[in-house]
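What follows is a short report on a single structure.
Only this structure's heavy atoms are used, side chains among them; waters, hydrogens and symmetry mates stay out.
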Amino acid sequence: MTNRPRSQFVGKLLDEISPVPRQKGLLRQYADVVTEKETKEIDYVLTNPSTNEAVHYAIRAFPLSGQCAGSIFEDVTARRSAEDALRRE
């Protein structure tokens with residue numbers, strides 16, 4: 001996701017990884033996944049602080065046992081750029 005080892009993410013709370021998910025309302029969406037017990041597709045955009053460019057993620061959040069949720073992040077920036085270029089043609 002950010003060129004950091006998985007060990008920095010696996011088993012961690014979102015707030016332990018970054019304050020950004022709380023600021024962007026992502027925690028509310030994860031809470032919905034837990035309470036509704038349904039997988040949710042989430043589009044998520046961050047600004048890369050090094051380049052000041054938008055980075056687009058497709059997130060699949062899914063319920064786990066208990067009051068937990070898991071997620072898979074996929075960087076879809078290149079795909080979004082290609083889609084935007086096609087729309088402009």
Side-chain angles (χ1 to χ4, degrees):
M1 180 170 112
T2 60
N3 296 321
R4 294 189 286 176
R6 274 188 209 157
S7 61
Q8 291 184 0
F9 301 101
V10 174
K12 306 279 184 177
L13 299 174
L14 282 175
D15 282 339
E16 293 175 319
I17 297 167
S18 169
V20 175
R22 181 176 294 277
Q23 295 164 357
K24 297 237 180 202
L26 191 56
L27 295 183
R28 177 74 250 157
Q29 294 184 64
Y30 274 91
D32 291 345
V33 168
V34 171
T35 57
E36 296 167 10
K37 297 188 182 341
E38 292 185 5
T39 298
K40 188 172 196 168
E41 303 287 335
I42 304 167
D43 289 322
Y44 190 66
V45 181
L46 293 175
T47 301
N48 181 329
S50 302
T51 63
N52 210 31
E53 293 180 0
V55 180
H56 296 261
Y57 291 100
I59 303 171
R60 178 180 290 264
F62 48 90
L64 296 172
S65 61
Q67 295 292 310
C68 298
S71 61
I72 299 170
F73 284 67
E74 179 184 3
D75 183 340
V76 294
T77 305
R79 181 172 58 197
R80 294 286 190 259
S81 295
E83 289 169 350
D84 289 345
L86 287 172
R87 276 193 283 278
R88 287 191 299 266
E89 289 182 359

- Spatial distance of atom CD (Gln29) from atom CD1 (Ile42) [nearest 0.5 Å]: 4.5 Å
- Query: Rounded to the nearest 0.5 Å, how far does CG of Leu64 lie from OG of Ser71?
  - Reply: 9.0 Å
- Message: As an exercise, state the distance from OH of Tyr30 to NZ of Lys40, rounded to the nearest 0.5 Å.
- Response: 11.0 Å
- Please check if the side chain of Glu16 supplies one atom and the backbone of Leu13 the other of a donor-acceptor pair under 3.5 Å. yes
- Message: Using only atom types and a distance under 3.5 Å, with no angle test, would you say the side chain of Thr51 pairs donor to acceptor with the backbone of Glu53?
- Response: yes
- Message: Does this structure show an ion pair linking Arg28 with Asp32, if we count only N-O contacts that are shorter than 4.0 Å?
- Response: yes
- Looking at Arg80 and Asp43, does any basic side-chain N land under 4.0 Å from a carboxylate oxygen? yes
- Item | Worked verdict on Tyr57 versus Val45 for side chain to side chain contact (heavy atoms under 4.5 Å, CB included) | CA-CA 6 Å; Tyr57 291 100; Val45 181; over 6 Å; no
- Message: Quick one, Val34 and Cys68 - any side-chain contact, counting heavy atoms below 4.5 Å?
- Response: no
- Where do Ile72 and Ile59 land on the side chain to side chain contact (heavy atoms under 4.5 Å, CB included) test, with the steps shown first? CA-CA 6 Å; Ile72 299 170; Ile59 303 171; over 6 Å; no
- Distance (rounded to the nearest 0.5 Å) between Asp84 CG and Arg79 CZ: 12.0 Å
- Val55, Phe73: one ILVMFWY side-chain cluster at the under-4.5 Å cut-off? yes
- Candidate pair Glu38 and Val33, rule side chain to side chain contact (heavy atoms under 4.5 Å, CB included), full reasoning: CA-CA 5 Å; Glu38 292 185 5; Val33 168; over 6 Å; no
- Query: So does Glu41 have more than 12 non-hydrogen atoms from other groups sitting under 6.0 Å from CD?
  - Reply: yes
